[in-house]
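Worksheet: the structure to be examined is printed underneath.
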Amino acid sequence: MKLQDVANLIGGELIGDGDIEVTGIGKIESAKPSEVTFISNPLYEKFFSGTSAGAVIVSRRFISSQYERFDDRVVPLIKVEDPYLAFLELLDKFSPKTELQKVGIDETAVVCESAVISNEEVRIGAHAFIGAKVKIGKRVSILPNTVILTGAEIGDDVLIYPNVTVYNGSMIGSRVIIHSGTVIGSDGFGQAKNPDGTFQKIPQKGIVVIEDDVEIGSNCSIDRATIGETIIRKGVKLDNMIQIAHNVEIGENTVIASQSGIAGSTKIGKNCMIGGKVGIVGHISICDGVILTAATNVSKSITKPGLYSGYRAQPQMNELKQEAIIRRLLKNK
Amino acid sequence: MKLQDVANLIGGELIGDGDIEVTGIGKIESAKPSEVTFISNPLYEKFFSGTSAGAVIVSRRFISSQYERFDDRVVPLIKVEDPYLAFLELLDKFSPKTELQKVGIDETAVVCESAVISNEEVRIGAHAFIGAKVKIGKRVSILPNTVILTGAEIGDDVLIYPNVTVYNGSMIGSRVIIHSGTVIGSDGFGQAKNPDGTFQKIPQKGIVVIEDDVEIGSNCSIDRATIGETIIRKGVKLDNMIQIAHNVEIGENTVIASQSGIAGSTKIGKNCMIGGKVGIVGHISICDGVILTAATNVSKSITKPGLYSGYRAQPQMNELKQEAIIRRLLKNK
Amino acid sequence: MKLQDVANLIGGELIGDGDIEVTGIGKIESAKPSEVTFISNPLYEKFFSGTSAGAVIVSRRFISSQYERFDDRVVPLIKVEDPYLAFLELLDKFSPKTELQKVGIDETAVVCESAVISNEEVRIGAHAFIGAKVKIGKRVSILPNTVILTGAEIGDDVLIYPNVTVYNGSMIGSRVIIHSGTVIGSDGFGQAKNPDGTFQKIPQKGIVVIEDDVEIGSNCSIDRATIGETIIRKGVKLDNMIQIAHNVEIGENTVIASQSGIAGSTKIGKNCMIGGKVGIVGHISICDGVILTAATNVSKSITKPGLYSGYRAQPQMNELKQEAIIRRLLKNK
């Protein structure tokens, strides 16, 4: 693609030779002459002097004459409002989608007779298993070795990577993405103690509901409810290795980073941002708009939006004060 | 089922019309007129005024006249000693078991010739793999895409969900349940440092032993011993995403919540209750009857039963005192 | 094998009857008369008095007369410089390798036509899936139900256990071991917030590069880069359930214990030792030779080698001092 075409595509102003051909994208530190790169974070401006990129997408306020180049090449610039968003647009253009699965049902897949599968562009990979009474919508891709058990329902435009397990009765909306190793609908951890110290399994008869536009990373576990539903609301985004226990509800557009865990029956509000390695105990509620920093542990309900952190969660301001006091005590001794 | 039959089934006293038909169970907040619900935790009594349930199982001390109904319906009650246990009994009656796997060996499963499989009601799902010299007992269900490697032995009445991996030589007792994504018998993390900074793998030649009546959640990893055995004793219950390192022993009837990890060669006693996200270092022992609250880290052996907690575990009373002192310091500044 | 042969094999000095036959190895607490054991850690010397082992490998400084035996048997000793290393040598002799997979491509495996697979002793198990344009080197073993997606490349002498997923484009070196349930190349967690609170997926177009001699435990997730590469350098050893986010780089010969997580774009140096349950935030760097104790959380770059620990990482000396001060405060109240 010619640089002028790139500039047009992202609505930018080209400063330099529009006839230069570029064929891909790269990071500013490592981009080749045939690649376009970008500077969004000012911390990366220092790389401008040495980049080999064929062109750099920059913000309108960027002034290249402030940076002395290591060579005397005049690097073409494309000025835009938001270089990162412009770059994301290009990302899709330059990286054609890899076809991971052909349209149709692979001959090695096992599809039970009573399953109802849309005939509109569905892809079911090698050694996949589709159980009895499963329903699968339009343009769904199920990659190799994924297992969908009895009676689960999957909406339209869903992408499920290999080696995923969806237990019986799970309800999955449309435009959902589930990465490999994730388990949807395993039994909640319910064990009733007998007088002799042994435990008796409490049957887990509920289901998991995953609403539209949810993305779930790899190696997550989302347990089915004891009765009723474990619910992941519309637009929730989960990173890898996240534990969602039985009867939990995660509110719309909440994002949770890797290795966090939410214990049973807890309700998380909308638009929360939960960092990595966060732990939240069972049977509490977190209101809308709460931000929990990485490694925070929450043992009581949170009723006011805001930023919380700490080994025992508290408003972050308190926690940092407390840390400072301890550090001062340490110096005085 | 008529309400009178429900009452008889759970040994309860019916107050109300015994001819009302119910067809299922529900939570007090959301049960329909055709469903029975229960109140066990007094916190949920507030929902009595508005529930649409066809009947409510309550404790003998419950007095409905204390709760003004939002409508003038007289809600039938079934009084029992323990409403939760009564409810659990009903749970199984009203939720017929979903058949996840037919009796027999699916034609797409691969079973090595030297495997010995009981002919009494065994179920082996699509694309399962049963390695050489594997032994499988009576009424075992192995769901699709699960892999059992060479020489592993599985007792009677075991249920293994899809996409589980059981490594070679693992010994699994009877009435064990293993959820999807779990790995039994992967190599322990043994690496000997060479003088040049590289590491040499220490061969892991031991096995994993899982005794009777153990349940293991989804996406757990239980590593094989270097030599000898990693042992999960009778009646242990593990939640999801639990890491059990090589040569660990977990005592009878100990329960461990999600995302906890036990490092190598540590021995945990009987009847312990270990919360979620707990970390226990290697080569120590925890005596019988220890309770560790969520997110506790243990770096020394514990020799007295009781409740421990904290970023560095200590008796919980100490930890809470310490927190209070710090909070007071904070206020004074 | 005769004891004299065992002694010769490990270059040791035999004290006792060289004609005794041994057939295996065992731990000092539980070894049988037909087994050889060892004492490396002095803490285990106390077991000498009661061991039933046929012989004990000990260090040259070990003096058996210091230990009164419970019976009057004279236990043969084999004295060596390093009993543990000597024992590891024996470990391989006495435990013949279990054949987990036959040479060749199982007839139930699906191998796409454009895949290029070495014809030198490659093993591909039942129900494995090898995608289009995948390249697989010499003496590679891919166990049952593992999935390798389009265009991934795998070097020589690689061992991949069952139920692993390798996403498209991943580059895996030689002599790499990957345990079950692990996912290589799932999408990085990139979500751009829209003005209405919903999130838009940032396409993850980079790859994962795993260099030579890396071992990865079970149920790990290593995400692909947004652009460029997530890199696991030569000789890195990862335990189970480790999260490596997009664009992370782990330096040569660094070892990481179970349940640790490294957030996006962070760079870890060479020869670091990272304990279990460690969390490291994104966009920072940890220099070479850093040791992080278990459960440490790191939120700022570390620029000096050494030992760090704490809920918020600091040089361990500081953290322990701080703990002591708090404990003293507690006593005074």
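So you know, we letter chains A, B, ... as the sequences are listed, proteins then strands, and number each from 1. What you see below is based on every heavy atom in this structure, not just the backbone, and it leaves out hydrogens, waters and symmetry mates. Note that this is a predicted model, so its numbers are computed, not measured.
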By a 4.5 Å heavy-atom criterion (distance strictly below it), what part of [X] contacts chain C: side chain, backbone, both, or neither?
X	result
B:I148	neither
B:V278	backbone
B:N163	both
B:Y311	side chain
B:Q191	side chain
B:T108	backbone
B:A128	backbone
B:S260	backbone
B:L149	side chain

Side chain, backbone, both or neither: which part of [X] has a heavy atom under 4.5 Å from chain B?
X	value
C:S218	both
C:S30	neither
C:F94	neither
C:E99	backbone
C:H127	side chain

Salt bridge flag under 4.0 Å for residues [X] and [Y]:
X	Y	answer
C:K27	B:E229	no
C:R175	C:D212	yes
B:K201	B:D187	yes

From NZ (C:K32) to OG (C:S52), nearest 0.5 Å:
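One finds 11.0 Å between NZ of C:K32 and OG of C:S52.
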What's the separation between atom CD1 in C:I210 and atom CD1 in C:I222, rounded to the nearest 0.5 Å?
4.5 Å
Would you call C:T293 and C:L307 a side-chain contact if the rule is heavy atoms closer than 4.5 Å?
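Yes, side chains in contact.
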Who among [options] has the most heavy-atom pairs with chain C under 4.5 Å?
options	value
B:N297, B:V281, B:N219	B:N219
B:T198, B:T226, B:N247	B:T198
B:G279, B:A192, B:G228, B:G197	B:G197

Test log, rule side-chain contact (heavy atoms from CB on, under 4.5 Å), inputs B:I177 and B:H179:
CA-CA 7 Å; B:I177 300 172; B:H179 284 278; 3.8 Å; yes
Audit row: B:V147, B:V166, side-chain contact (heavy atoms from CB on, under 4.5 Å) steps and yes/no
CA-CA 6 Å; B:V147 174; B:V166 176; over 6 Å; no
Show your working on side-chain contact (heavy atoms from CB on, under 4.5 Å) between C:I25 and C:T37 and close with a plain yes or no.
CA-CA 6 Å; C:I25 52 177; C:T37 188; over 6 Å; no
Which word best sums up how the rings of C:Y84 and C:F87 line up, parallel for under 30°, tilted for 30 to 60°, or perpendicular for over 60°?
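Plane angle under 30°, so parallel.
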is_close_aromatic(C:Y161, B:Y167), centroid dist under 6.0 Å
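Yes.
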If the condition is side-chain hydrogen bond (donor to acceptor under 3.5 Å, both in side chains), which residues does B:Q200 pass it with, not counting sequence neighbours?
none
Per-residue tally against chain B (heavy atom, under 4.5 Å) across C:A31, C:G181, C:P144, C:G26 peaks at C:P144
When only pairs under 4.5 Å are counted, which of C:K270, C:K277, C:E252 shares the most heavy-atom pairs with chain B?
C:K277
Is it true that a side-chain atom of C:S258 and a backbone atom of C:G276 form a donor plus acceptor pair closer than 3.5 Å?
no
Could you please state which residues from residues 232-240 of chain C sit under 4.5 angstrom from chain B, measuring non-hydrogen atom to non-hydrogen atom, sorted by number, or 'none'?
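Expected list: C:K237, C:L238, C:D239, C:N240.
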Please test B:D223 against B:I244 for side-chain contact (heavy atoms from CB on, under 4.5 Å), starting from the C-alpha separation and ending with a verdict.
CA-CA 6 Å; B:D223 278 353; B:I244 306 289; over 6 Å; no
C:S309 and C:E319: side-chain hydrogen bond (donor to acceptor under 3.5 Å, both in side chains), yes or no, with the steps?
CA-CA 7 Å; C:S309 65; C:E319 202 227 343; 2.6 Å; yes
